[in-house]
J.: 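Take this structure, written in C-alpha cells, and hold onto it; I'll ask about it next.
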Amino acid sequence: MKRIFYCLALICLSVLLFSCMTSPRGGRKCSRALYDYGIKSPEQLTAFFLSHNNARDRSEIYRLATYYVTEGAVEHINSDAAFVQMCVETGWLKFGGLVTEDMYNFCGLGSTDAAHPGERFPTQQLGVRAHIQHLHAYATDVSVSLKNELIDPRYSWPHKARNAKTVAELANTWAMDDKYGEKLERLLVILDSY
C-alpha cells in the first residue's frame, strides 16, 4: 500500500513540475470587456505597476490594487482594465495635471479645466469605488443596479449619453482621444504576461 501511495505522489509531483515548466508566464489573457471580472491578483497588478514606476512604495500600490480587485468584483467590473486605466489617467500616479494625488480621483472624473479640476473623494478606496462605478455606468444600462452605495456624482450621465462595452470603445466616449482604447490595449497586452 505504501508503494502505491509513493508512486501516486511521485506521478502527481512530476505532473505538477512539468506543467509549471511548460505553461506560459501569466497564463490567461485579461478580458477587454468592461462588464467582466478581472483575473489578475493584487500581487500581479503591483508587479505590473512597479515595472513602470518603481519610485512608489510597494505596500501602497498593493493596497490600491487590492481596492481595484475587490471593488471591481463587487460591481462585476473588469479590475484589470480599470487598473490599467488608472495608470493612464494618473500617469502612473505621478499626476501632474488638474487632478492631484490628494483628491483620490484615479480616473479624472469631472476634470475639464482649471475651474473644474475634478471630483474629490475622502479615501483611496472611495476614489477607486467611484472609478469602478463610473465604468459600470458606461458598461451597463439602467436595468443593472450597483451593489455598493452610489458615490460617483456623475454616474447617471453615461447612462444617458455614452455606452462602452470594451476598452476599445472608451475612445471618444470616456476620453475624446481616438487612440485612447489603443493606449489601454497596449498596457493590457503587457499585463497579460504577469
J.: Which residues satisfy the salt bridge (Lys or Arg N to Asp or Glu O under 4.0 Å) test with Glu185, sequence neighbours excluded?
T.: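 In terms of salt bridge (Lys or Arg N to Asp or Glu O under 4.0 Å), with neighbours along the sequence ignored, Glu185 is linked to Arg32.
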
J.: Side-chain heavy atoms under 4.5 angstrom apart, residues restricted to Ile, Leu, Val, Met, Phe, Trp, Tyr: same cluster for Ile190 and Val167?
T.: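 Per the 4.5 Å side-chain linkage, Ile190 and Val167 are co-clustered.
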
J.: Determine whether a donor-acceptor pair (N or O, by modelled atom type, separation under 3.5 Å) exists between the side chain of Glu75 and the backbone of Lys147.
T.: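 The answer is yes, because a donor-acceptor pair under 3.5 Å joins these two groups.
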
J.: Going by the ring-ring contact (aromatic ring centres under 6.0 Å, His included) test, which pairs reach into residues 31-53, not counting sequence neighbours?
T.: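 Sorted pair list: Tyr35-His76, Tyr37-His76, Phe48-His52, Phe48-Trp92, Phe48-Tyr194, Phe49-Trp92, His52-Trp92.
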
J.: Are Leu98 and Met103 connected into the same hydrophobic cluster when the rule is that any two of I, L, V, M, F, W, Y join if their side-chain heavy atoms are below 4.5 Å apart?
T.: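 Met103 and Leu98: separate clusters.
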
J.: Under a plain distance cut-off of 3.5 Å, with no hydrogens placed, do Thr123 and Gln125 share a side-chain donor-acceptor pair?
T.: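 Per modelled atom types, Gln125 and Thr123 side chains form no pair under 3.5 Å.
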
J.: Looking at residues at least two apart in the chain, or sitting in another chain, which of them share a salt bridge (Lys or Arg N to Asp or Glu O under 4.0 Å) with Arg120?
T.: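 Here the qualifying residues are Asp102.
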
J.: Not counting sequence neighbours, which residues clear ring-ring contact (aromatic ring centres under 6.0 Å, His included) with Phe83? List them please.
T.: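 Once residues adjacent in sequence are excluded, the partners of Phe83 under the ring-ring contact (aromatic ring centres under 6.0 Å, His included) criterion are Tyr68.
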
J.: So which atom in Pro117 and which in Val99 form the shortest heavy-atom distance, rounded to 0.1 Å?
T.: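 Looking at all heavy atoms of both residues, the shortest contact is O-CG2, 3.4 Å.
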
J.: When rounded to the nearest 0.5 angstrom, what distance separates CD1 in Ile77 from CG in Leu34?
T.: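 Ile77 atom CD1 to Leu34 atom CG measures 6.5 Å (nearest 0.5 Å).
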
J.: Can you list the residues that meet the side-chain hydrogen bond (donor to acceptor under 3.5 Å, both in side chains) rule with Thr90, with sequence neighbours excluded?
T.: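 For Thr90 there are no side-chain hydrogen bond (donor to acceptor under 3.5 Å, both in side chains) partners, ignoring immediate neighbours.
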
J.: Mind checking the SG-CG spacing from Cys107 to Asp152? Nearest 0.5 Å is all I need.
T.: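 These two atoms lie 7.5 Å from each other.
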
J.: Going by the rule side chain to side chain contact (heavy atoms under 4.5 Å, CB included), which residues pair with Asp113 if we only count those two or more places apart in sequence or in a different chain?
T.: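 Side chain to side chain contact (heavy atoms under 4.5 Å, CB included) check on Asp113 returns Ala115, His116.
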
J.: Among all residues two or more places apart in sequence or in another chain, which pass the side chain to side chain contact (heavy atoms under 4.5 Å, CB included) test with Thr66?
T.: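 Only Pro42, Tyr62, Thr70 meet the side chain to side chain contact (heavy atoms under 4.5 Å, CB included) criterion with Thr66.
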
J.: Taking only residues two or more places apart in sequence or in another chain, which ones pass salt bridge (Lys or Arg N to Asp or Glu O under 4.0 Å) with Glu60?
T.: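 If we apply the salt bridge (Lys or Arg N to Asp or Glu O under 4.0 Å) test to Glu60, skipping adjacent residues, the hits are Arg56.
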
J.: By salt bridge (Lys or Arg N to Asp or Glu O under 4.0 Å), which residues pair with Asp57, not counting sequence neighbours?
T.: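 Asp57 satisfies salt bridge (Lys or Arg N to Asp or Glu O under 4.0 Å) with no other residue.
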
J.: Can you run down the salt bridge (Lys or Arg N to Asp or Glu O under 4.0 Å) pairs that involve residues 124-133, sequence neighbours left out, and say none if there aren't any?
T.: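 Matches after skipping sequence neighbours: Glu71-Arg129.
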
J.: Going by the rule side chain to side chain contact (heavy atoms under 4.5 Å, CB included), which residues pair with Tyr180 if we only count those two or more places apart in sequence or in a different chain?
T.: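 For Tyr180, the residues satisfying side chain to side chain contact (heavy atoms under 4.5 Å, CB included) (neighbours in sequence not counted) are Gln85, Val88, Glu89, Leu170, Ala171, Trp174, Ala175, Asp177, Leu184.
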
J.: When rounded to the nearest 0.5 angstrom, what is the spacing between CD1 in Ile61 and CG in Asn53?
T.: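 Output value for this atom pair is 7.0 Å.
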
J.: Side-chain heavy atoms under 4.5 angstrom apart, residues restricted to Ile, Leu, Val, Met, Phe, Trp, Tyr: same cluster for Val144 and Trp157?
T.: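 They do share one cluster, since a chain of ILVMFWY contacts under 4.5 Å joins Val144 to Trp157.
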
J.: What are the two closest heavy atoms between Cys30 and Asp192, and how far apart are they?
T.: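 Here Cys30 and Asp192 meet closest at N-OD1, 2.7 Å.
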
J.: For the backbone of Ala33 and the side chain of Thr166, can you confirm whether one donor and one acceptor N or O come within less than 3.5 Å of each other?
T.: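 Here the side-chain-to-backbone pair does not exist.
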
J.: Could you list the residues that satisfy side chain to side chain contact (heavy atoms under 4.5 Å, CB included) with Glu119, not counting sequence neighbours?
T.: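 Scan of Glu119 (side chain to side chain contact (heavy atoms under 4.5 Å, CB included), adjacent residues dropped) gives Asn105, Leu109, Phe121, Pro153, Arg154.
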
J.: side-chain contact (heavy atoms from CB on, under 4.5 Å), that's the test. Do Leu93 and Leu64 meet it? Break it down for me.
T.: CA-CA 11 Å; Leu93 294 177; Leu64 186 61; 3.8 Å; yes

J.: Enter the distance from Asp36:CG to Ser79:OG here, rounded to the nearest 0.5 Å.
T.: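 Here the interatomic distance stands at 9.5 Å.
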
J.: Counting distance only, does the side-chain N/O of Gln44 pair as donor-acceptor with the main-chain N or O of Leu191 below 3.5 Å?
T.: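 Checking the backbone N and O of Leu191 against the side chain of Gln44, no donor-acceptor pair under 3.5 Å is found.
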
J.: Answer with yes or no whether the hydrophobic clustering places Leu45 together with Leu50; edges join I, L, V, M, F, W, Y residues whose side-chain heavy atoms lie under 4.5 Å apart.
T.: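 Linked, Leu45 and Leu50 end up in one cluster.
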
J.: Asp80 side chain to Ser31 main-chain N or O, any donor-acceptor pair under 3.5 Å?
T.: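 Flag not set: sc Asp80 to bb Ser31 has no pair under 3.5 Å.
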
